[in-house]
Amino acid sequence: MTSPVRVRFCPSPTGSPHVGLVRTALFNWAFARHHGGQIVFRMEDTDRERSTQESYDAILELWRWLGLDWDEGIEVGGPHGPYRQSERGAVYRDVLARLRASSYTYDCFCTTEEVDARRKASGSKMQGYDGFCRDLTDEQRAAFEAEGRSPVVRFRMPDGSITWHDLVRGDITFETENVPDYALSRANGDPLYTLVNPVDDALMQITHVLRGEDLLSSTPRQLALFEALVELGIAEQVPAYGHLPYVMGQGNKKLSKRDPEAHALAYREQGFLPEGLLNYLALLGWSIAGDRDVFSMAEMVEAFDIADVNPNPARFDLKKAEAINASQMRLLPLDEVTHRVLPFLKEAGVVGDPVSDADAQLLELAMPLVAERINKLTEAATMLDFLFVDEADFARHEEIDEAGRDVVKAAHDALSAVETWSTAAIDEALRAALIDGLGLKPRVAFGPVRIAVTGRKVSPPLFESMELLGRDRSLARLHDAMSG
RNA sequence: GCCCCCGUCGUCUAGCGGCCUAGGACGUCGCCCUCUCACGGCGGUAACGCCGGUUCAAAUCCGGUCGGGGGUACCA
């Protein structure tokens with residue numbers, strides 16, 4: 001009988017949330033949901049210097065936007081709280097005391113400088129702690145204490161080797177002689193990540209730890225600690241580990257927080273859909289099938305198998321992310337696209353907030369023209385502003401040359417005679433006057449007209465746009481453009 | 001230095017011994033559609049790092065090598 005799956009999100013609220021963090025969360029989420037398991041959300045804010053409320057809030061906002069829900073933890077509570085490590089000091093002190101009373105750890109009085117000096121003197125190639133304080137006598141301890149030194153609590157790595165079956169990489173073995181004893185707490189008593197992360201996983205009964213590749217080499221330490229926690233009755237079981245590949249930026253470097261592409265919330269601002277971002281991120285290390293890369297999260301949950309995750313580092317490709325986002329956009333019903341576009345139109349000042357009834361109606365008519373041709377929600381604003389702008393504020397963003405002005409005049413004259421202002425009638429009148437009458441190529445004919453009416457070279461379909469704009473405004477803009 | 005991870009088109013990947021003269025997607029190039037853009041359609045480009053071994057048969061298994069990455073903290 002296997003125990004129910006329990007995974008965790010455990011971000012540190014330092015800085016703007018990174019797409020790699022989101023990818024890790026997504027895989028945890030998909031894994032848990034696939035297995036009908038639970039997700040615990042805990043905030044690892046032990047680093048007082050770097051943790052900020054802004055970052056904390058940004059992470060929660062991001063998770064909600066993406067729809068990565070959780071069952072226990074931050075904001076929802078649960079039986080293993082509190083879920084902010086900054087509020088769990090008593091828990092760590094207690095565990096540390098029990099560890100310290102056992103032989104799994106020892107007090108270490110060395111300073112970093114002393115360890116370095118010894119290594120230099122001995123010519124040793126080992127980089128970590130040298131085990132100097134492993135077997136201190138009571139007298140030696142007393143002597144150090146008499147000097148006013150306070151110890152860090154150091155974990156005593158066992159002899160032999162440590163092997164685990166990594167969920168994404170298979171069996172991995174470390175000889176513990178290559179894994180130096182490590183500190184669990186600072187000399188001032190503050191617990192370190194090396195302690196709090198495994199301890200919380202233990203107390204929160206996490207069964208599967210899916211995390212970044214950067215933590216792979218600390219796994220032997222955590223496994224050894226976990227064995228001790230199990231022995232001491234603090235942990236029930238040792239979780240399974242899986243190490244997810246890096247998300248890289250340009251070149252061969254990990255996508256760093258300094259890269260603009262790294263900031264997950266920036267994608268929302270750019271007009272990405274959560275469906276699009278998630279779908280793209282899922283592709284970084286996983287695929288649903290050999291001939292398919294657009295899918296819903298429900299489909300991902302259904303198909304996700306951690307063993308299928310590719311261990312190779314993946315480069316973040318903005319172009320492909322946008323293409324996937326565009327595909328997801330096309331999957332949405334029109335009124336949903338409208339709904340999602342609206343905040344961006346308000347933000348850009350294209351429509352008011354709240355939207356007037358007239359604008360809402362116009363938008364409903366205009367959206368069919370733009371929904372199919374935008375890849376990101378932000379693009380709707382530049383495509384639609386000509387329709388909503390006050391006439392006095394209408395501006396042409398492109399030049400119309402001399403020849404173009406003649407075309408515009410011909411268009412104006414032809415359109416003035418149109419009886420019913422409809423797309424078909426406009427189409428007919430313009431073609432008769434410009435293509436047949438002036439013998440122009442369509443491209444040459446409609447380009448200047450488009451600029452006159454919409455202000456841009458790129459716009460929704462011209463005739464439909466003019467119908468929506470209305471006869472008076474269309475003719476007025478054409479007239480205005482005739483004189484340059 | 002030592003330890004660990006990784007190695008298929010430019011990029012993300014499919015492939016888990018024969019279906020591979022290696023498939024899809026993004027990108028890119030050409031063409032078609034076309035009032036712009038976008039969509040859509042068609043076609044092209046382009047990869048198993050290298051060397052050995054196992055096998056009737058290897059992108060797939062093993063070893064080595066080269067290359068890339070990470071770790072080696074009283075950071076997380």
Side-chain angles (χ1 to χ4, degrees), chain A residues 10-12 14 44-47 49-51 108 110-112 115 124-129 150-154 166 168-169 172-175 177-180 182-194 196-197 212-220 243 245-246 248 250-254 280 282-294 307-308 310-324 326-327 330 369-375 379 383 427 430-431 434-435 441-447 449-451 454 456-465:
Chain A
C10 57
S12 288
T14 55
E44 303 216 331
D45 58 349
T46 45
D47 189 331
E49 323 283 71
R50 296 196 299 146
S51 297
C108 171
C110 300
T111 64
T112 308
V115 177
S124 167
K125 286 164 183 162
M126 280 295 291
Q127 287 295 304
Y129 185 66
S150 15
V152 305
V153 176
R154 207 175 274 281
D166 194 273
V168 341
R169 286 153 210 271
I172 297 176
T173 299
F174 281 78
E175 300 299 328
E177 63 187 70
N178 295 316
V179 185
Y182 63 98
L184 296 172
S185 69
R186 292 197 169 99
N188 67 9
D190 284 351
L192 292 165
Y193 166 82
T194 50
V196 301
N197 180 275
E213 181 183 349
D214 48 331
L215 293 165
L216 187 130
S217 54
S218 69
T219 305
H243 292 87
Y246 282 109
M248 321 253 284
Q250 290 310 114
N252 269 335
K253 55 182 202 298
K254 206 178 133 187
Y280 177 67
L283 259 16
L284 265 25
W286 184 75
S287 71
I288 196 164
D291 59 355
R292 185 169 169 224
D293 56 15
V294 176
D308 291 338
N310 189 327
N312 308 348
R315 246 170 244 21
F316 190 95
D317 182 352
L318 222 205
K319 286 266 183 55
K320 178 141 184 178
E322 290 178 340
I324 294 292
S327 299
R330 267 169 256 124
L369 306 180
V370 300
E372 281 271 314
R373 62 193 73 224
I374 59 174
N375 292 335
E379 293 166 8
M383 216 163 243
D427 187 339
L430 249 22
R431 280 183 201 280
L434 308 181
I435 310 297
K441 296 264 188 230
R443 187 183 191 87
V444 180
F446 300 120
V449 179
R450 182 185 308 282
I451 293 171
T454 71
R456 301 180 192 274
K457 283 181 179 169
V458 175
S459 78
L462 183 58
F463 315 133
E464 285 84 345
S465 294

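Just so we're clear, the structure is a prediction, and the values are computed from it rather than from any experiment. Sequence lines set the chain letters: A, B, ... in the order given, protein chains first and strands last, and positions in each chain run from 1.
Side chain of A:Ser218 to backbone of A:Leu215: a donor-acceptor contact under 3.5 angstrom is found. A:Asp427 places no side-chain N or O within donor-acceptor distance of the main-chain N or O of A:Phe463, the cut-off being under 3.5 Å. Here the side chain of A:Tyr193 pairs no donor or acceptor atom with the backbone of A:Thr46 at under 3.5 angstrom.
Across all strands, A:Cys110 comes closer than 4.0 Å to base atoms (heavy-atom distances). Across all strands shown, A:Gly128 has heavy atoms under 4.0 Å from sugar-phosphate atoms exclusively, and none from any base. Within the nucleic acid shown, A:Ile451 has no heavy atom closer than 4.0 Å to any nucleic acid atom. The residue A:Glu464 sits close to a base: some heavy atom pair falls under 4.0 Å. Among the heavy atoms of the strands lying under 4.0 Å from A:Tyr246 are primed sugar atoms or P, OP1, OP2 only; no base atom is included. Among the atoms of the strands shown, only primed sugar atoms or phosphate atoms (P, OP1, OP2) are found under 4.0 Å from some heavy atom of A:Thr173.
When all heavy atoms of A:Ser217 and A:Pro220 are compared, the closest pair comes out as O-CD, 3.5 Å. The minimum heavy-atom distance linking A:Ile324 with A:Tyr280 is given by the pair CG2-N, 3.9 Å. Across A:Pro311 and A:Pro245, no two heavy atoms sit closer than the pair O-CB, 3.3 Å.
Of the candidates B:rC39, B:rA38, B:rU11, the closest approach to any side-chain atom of A:Arg373 belongs to B:rA38. Of the candidates B:rU36, B:rC4, B:rC39, the closest approach to any side-chain atom of A:Leu216 belongs to B:rC4. Closest contact between the side chain of A:Arg330 and the listed nucleotides B:rC4, B:rA76, B:rG40 involves B:rG40. Of the candidate nucleotides B:rC35, B:rC5, B:rC12, B:rC35 has the atom lying nearest to any side-chain atom of A:Arg450. Minimum atom distance to the side chain of A:Glu372 is reached by B:rC39, of the listed B:rA76, B:rC74, B:rC39. Comparing B:rC12, B:rA76, B:rU36 by their closest approach to the side chain of A:Leu284 singles out B:rC12. Checking B:rA38, B:rU13, B:rC75 against the side-chain heavy atoms of A:Arg186 singles out B:rC75 as nearest. Checking B:rC35, B:rC4, B:rC3 against the side-chain heavy atoms of A:Asn178 singles out B:rC3 as nearest. Distances were taken from every side-chain heavy atom of A:Leu192 (C-beta onward) to each of B:rU13, B:rG70, B:rC74; the shortest belongs to B:rC74.
Searching all strands for a Watson-Crick or G-U wobble partner of B:rU28 with both distances below 3.5 Å returns B:rG44. Remark: B:rA22 base-pairs with no nucleotide; criterion is Watson-Crick or G-U wobble with both hydrogen-bond distances under 3.5 Å. Pairing of B:rU65, defined by two Watson-Crick or G-U wobble distances under 3.5 Å, is identified with B:rG49.
Judged by distance alone with a 3.5 Å cut-off, no donor-acceptor contact links the side chain of A:Arg443 to the base of B:rC35. No hydrogens or angles were tested; on distance alone, nothing pairs the side chain of A:Arg292 with the base of B:rU13 as donor and acceptor under 3.5 Å.
Nucleotides B:rU60 and B:rG18 are separated by 11 Å at their C1' atoms, to the nearest Å. Remark: the separation of the C1' atoms in B:rG64 and B:rA25 is 35 Å, to the nearest Å. To the nearest whole angstrom, the two C1' atoms, one in B:rC32 and one in B:rG23, are 25 Å apart. A gap of 26 Å separates the P atoms of B:rG53 and B:rC16, to the nearest Å.
A:Arg330 is linked by a salt bridge (Lys or Arg N to Asp or Glu O under 4.0 Å) to nothing, counting only residues two or more places apart in sequence or in another chain. Here A:Asp291 pairs with A:Ala289 under the side chain to side chain contact (heavy atoms under 4.5 Å, CB included) rule; sequence neighbours left out.
The residue among A:Phe174 and A:Thr111 whose nearest nucleotide of RNA chain B is located toward the 5' end is A:Phe174. Position along RNA chain B of the nearest nucleotide to A:Pro191 versus A:Trp286 favours A:Trp286 as the more 5'-ward residue.
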Would you tabulate the pairs of protein nitrogen or oxygen atoms and nucleotide nitrogen or oxygen atoms of nucleotides 6-9 of chain B closer than 3.5 angstrom?
from: B:rC6; atom 1: O3'; to: A:Asn312; atom 2: OD1; distance (Å): 2.7
from: B:rG7; atom 1: OP1; to: A:Asn312; atom 2: OD1; distance (Å): 2.8
from: B:rU8; atom 1: OP2; to: A:Asn312; atom 2: ND2; distance (Å): 3.2

Listed pairs, N/O of protein and of nucleotides 26-33 of chain B, under 3.5 Å:
from: B:rC26; atom 1: O2'; to: A:Lys320; atom 2: N; distance (Å): 3.3

Identify each atom pair where a protein N or O and an N or O of nucleotides 61-67 of chain B are less than 3.5 Å apart, giving names and distance.
none

Taking only N/O atoms, report every protein-nucleotides 44-47 of chain B pair under 3.5 Å with atom names and distance.
none

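One finds a side-chain N or O of A:Arg154 lying less than 4.0 angstrom from the OP1 or OP2 phosphate oxygen of B:rC74. Checking the phosphate oxygens (OP1, OP2) of B:rA76, no side-chain nitrogen or oxygen of A:Ser12 falls inside 4.0 Å.
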